[in-house]
Amino acid sequence: MQASTHLIKGNLEVKISKRRDLPCFREFKERKSTLTRNLCIRRGSICSGLTSGAVSMGAELARARDNVETVARSLIKFRSVKAQASGGDVEDLAPINPHETSTGTVLPFVGVACLGAILFGYHLGVVNGALDYLSKDLGIAQNAVMQGWVVSTLLAAAAVGSFTGGALADKFGRTRTFQLDAIPLIIGAVLTAIAQNVQTMIIGRLLAGIGIGITSAIVPLYISEISPTDIRGALGSVNQLFICIGILAALVAGLPLSRSPVWWRGMFGLAVIPSILLALGMTYSPESPRWLFQQGKISEAEKSIGTLYGKERVPEVMYELRTAGQGSTEPEAGWIDLFSKRYWKVVSVGAALFFFQQFAGINAVVYYSTAVFRSAGIASDVAASALVGASNVFGTVIASSLMDRQGRKSLLIRSFSGMGASMLLLSLSFTWKVLAPYSGILAVVGTVLYVLSFSLGAGPVPALLLPEIFASRIRAKAVALSLCMHWVRNQCSVFGIRRRLSSCCLVYGW
């Protein structure tokens with residue numbers, strides 16, 4: 001009995017963590033003190049705390065075992081948020097793990113940031129239904145090259161915007177960059193809505209492209225830096241969800257075009273509303289605590305943490321940020337550092353994720369599904385495109401619930417497998433003569449399944465994964481470089497798709 005008591009005390013004291021300021025450890029310390037008093041040993045005999053007999057002793061032993069297990073789980077959880085980041089930088093990827101009540105405080109600010117994701121999707125999808133109508137009004141109905149420029153100018157500008165978004169976020173902060181980004185978004189939307197010639201339209205698309213390029217870089221970055229650890233995967237996939245909602249909104253906005261051909265101007269003008277809301281919302285949103293801490297603005301970081309998680313969490317989160325900073329005390333990396341031996345492998349992984357995401361052919365659906373459905377004999381082509389957009393949103397919602405349970409890699413494998421099977425079905429519907437009578441229906445079914453598979457992994461996972469695999473000192477620039485690859489590959493796809501619109505099977509499988 002005496003040996004068992006000493007063993008319990010020894011195990012308890014070994015498990016005491018250095019993080020004595022946390023409530024769970026304070027509670028454990030109090031329980032341990034009480035247990036020690038009840039299990040005290042005096043000159044080889046058990047003191048009065050054990051006089052209740054063997055049953056009482058068994059209860060104490062059970063409680064002691066539970067306490068040991070609780071501390072072990074706490075220590076494991078603490079170590080689990082420590083990760084070996086790229087290049088050997090040991091840092092805390094997302095140490096913030098506030099109480100459940102603080103999650104509701106974070107969500108409104110995530111929602112404000114996601115206005116940028118909505119604009120991302122809206123500007124991508126708005127040209128889908130409006131292209132034929134604006135081409136007639138601007139006199140380029142017979143000029144496929146100029147139509148391609150109207151689409152691809154946005155993408156070329158987005159590549160530039162995404163490349164500079166990380167640098168702007170590092171220099172001015174996340175919230176200030178959002179506000180600056182609203183300027184080209186608003187001006188671009190206005191110019192495209194009032195354009196009387198193709199030159200004005202291209203300038204408007206250029207400005208809008210710069211805007212969505214910047215948001216594509218900073219929205220996932222901002223969300224990942226303010227999200228609690230236990231729901232970071234779900235909140236990170238919210239970015240992709242709102243991109244899909246933006247695309248769906250653009251497709252639904254095109255439904256009145258059959259009755260009012262000039263409605264395409266209203267479609268482009270609607271983008272002004274979320275742009276203004278984004279600028280106003282970021283005025284009241286807290287800056288990223290991580291960025292403030294890296295800039296040495298300690299008091300502002302504490303204020304931001306208090307807004308996000310409550311004042312009672314400030315000491316804990318500041319401790320975590322200091323611990324993370326101790327892992328890598330090096331200055332912010334430059335662009336050349338991304339290609340150094342230390343970082344080039346992880347940067348290559350990030351770029352490859354977006355390269356293959358775009359190489360899979362999702363751009364054909366986003367930009368030209370209406371034209372493809374029309375060529376396949378679908379009467380309600382715009383409505384069919386809206387159905388595809390709805391499947392995109394549905395799949396992303398499912399992915400949000402699976403992200404933290406199934407894992408990123410598993411979702412990617414299943415997603416690309418499903419996309420391949422869907423494209424095979426779509427190709428067969430156009431090439432097998434026996435399926436010719438059903439080509440229209442199979443085109444819609446194959447496209448819906450393809451988009452659904454895309455939204456389950458290939459869509460949301462890359463943007464969520466990038467902030468997790470990059471070290472703090474390269475994160476902003478590495479995310480920007482990876483997204484630049486996204487937009488460059490996206491633009492190359494558009495030129496290829498325009499050359500292949502006459503052959504639908506090649507549109508989806510090139």
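Owing to the predicted nature of the structure, the values given are computational and were not obtained by experimental measurement.
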Step-by-step side chain to side chain contact (heavy atoms under 4.5 Å, CB included) determination, Phe416 to Met419: CA-CA 5 Å; Phe416 279 101; Met419 291 164 67; 4.3 Å; yes
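- Across all their heavy atoms, Leu412 and Pro462 have their closest contact at CD2-CD, 4.5 Å.
- Screening Ile305, Leu221, Leu308 against Ile226 for a side-chain contact (heavy atoms from CB on, under 4.5 Å) leaves a single residue, Leu308.
- Taking the side chain to side chain donor-acceptor pair (under 3.5 Å) definition, one finds that Thr200 meets it with Asn197, sequence neighbours left out.
- Annotation: side chain to side chain donor-acceptor pair (under 3.5 Å) contacts of Trp264 (sequence neighbours excluded): Asp137.
- Of all heavy-atom pairs between Arg205 and His123, the closest is NH1-O, 3.2 Å.
- Remark: Ile243 CD1 to Ser216 OG distance equals 8.0 Å, nearest 0.5 Å.
- Interatomic distance, CD1 of Ile214 versus OG of Ser162, reported as 9.0 Å (0.5 Å rounding).
- With salt bridges taken as basic N to acidic carboxylate O contacts below 4.0 Å, none links Asp337 and Lys341.
- Residues passing the side chain to side chain donor-acceptor pair (under 3.5 Å) test with Thr192: none are found, sequence neighbours excluded.
- The CD1 atom of Ile298 sits 6.0 Å away from the CZ atom of Arg322 when rounded to the nearest 0.5 Å.
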Set out, in order, the CA-CA distance, both residues' side-chain angles and the distance that settles side chain to side chain contact (heavy atoms under 4.5 Å, CB included) for Ile245 and Leu248, then state yes or no. CA-CA 5 Å; Ile245 290 175; Leu248 177 60; 5.5 Å; no
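- Applying the ring-ring contact (aromatic ring centres under 6.0 Å, His included) rule to Tyr122 yields no partners; only residues at least two apart in sequence or on another chain are considered.
- Counting heavy atoms of neighbouring residues, nucleotides and ligands inside a 6.0 Å radius, atom CZ of Arg265 exceeds 12 of them.
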Step by step, would you call Val219 with Phe178 a side chain to side chain contact (heavy atoms under 4.5 Å, CB included)? CA-CA 9 Å; Val219 170; Phe178 274 114; 3.6 Å; yes
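- With sequence neighbours excluded, the residues that form a side chain to side chain donor-acceptor pair (under 3.5 Å) with Ser288 are Glu225.
- In this structure, Val126 and Phe268 approach most closely via the heavy-atom pair CG1-CE2, 3.5 Å.
- Across all non-hydrogen atoms, the minimal contact from Thr307 to Phe109 is CG2-CZ, 3.9 Å.
- Partners of Phe454 according to the ring-ring contact (aromatic ring centres under 6.0 Å, His included) rule, which considers only residues two or more places apart in sequence or in another chain, do not exist here.
- Across all non-hydrogen atoms, the minimal contact from Leu191 to Gly204 is CB-CA, 3.8 Å.
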Take Leu115 and Met282 through the test side chain to side chain contact (heavy atoms under 4.5 Å, CB included) and record every step on the way to the result. CA-CA 10 Å; Leu115 288 171; Met282 280 298 160; over 6 Å; no
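- Looking at every heavy atom in both residues, Ser275 comes nearest to Ile186 through CB-CG1, 3.5 Å.
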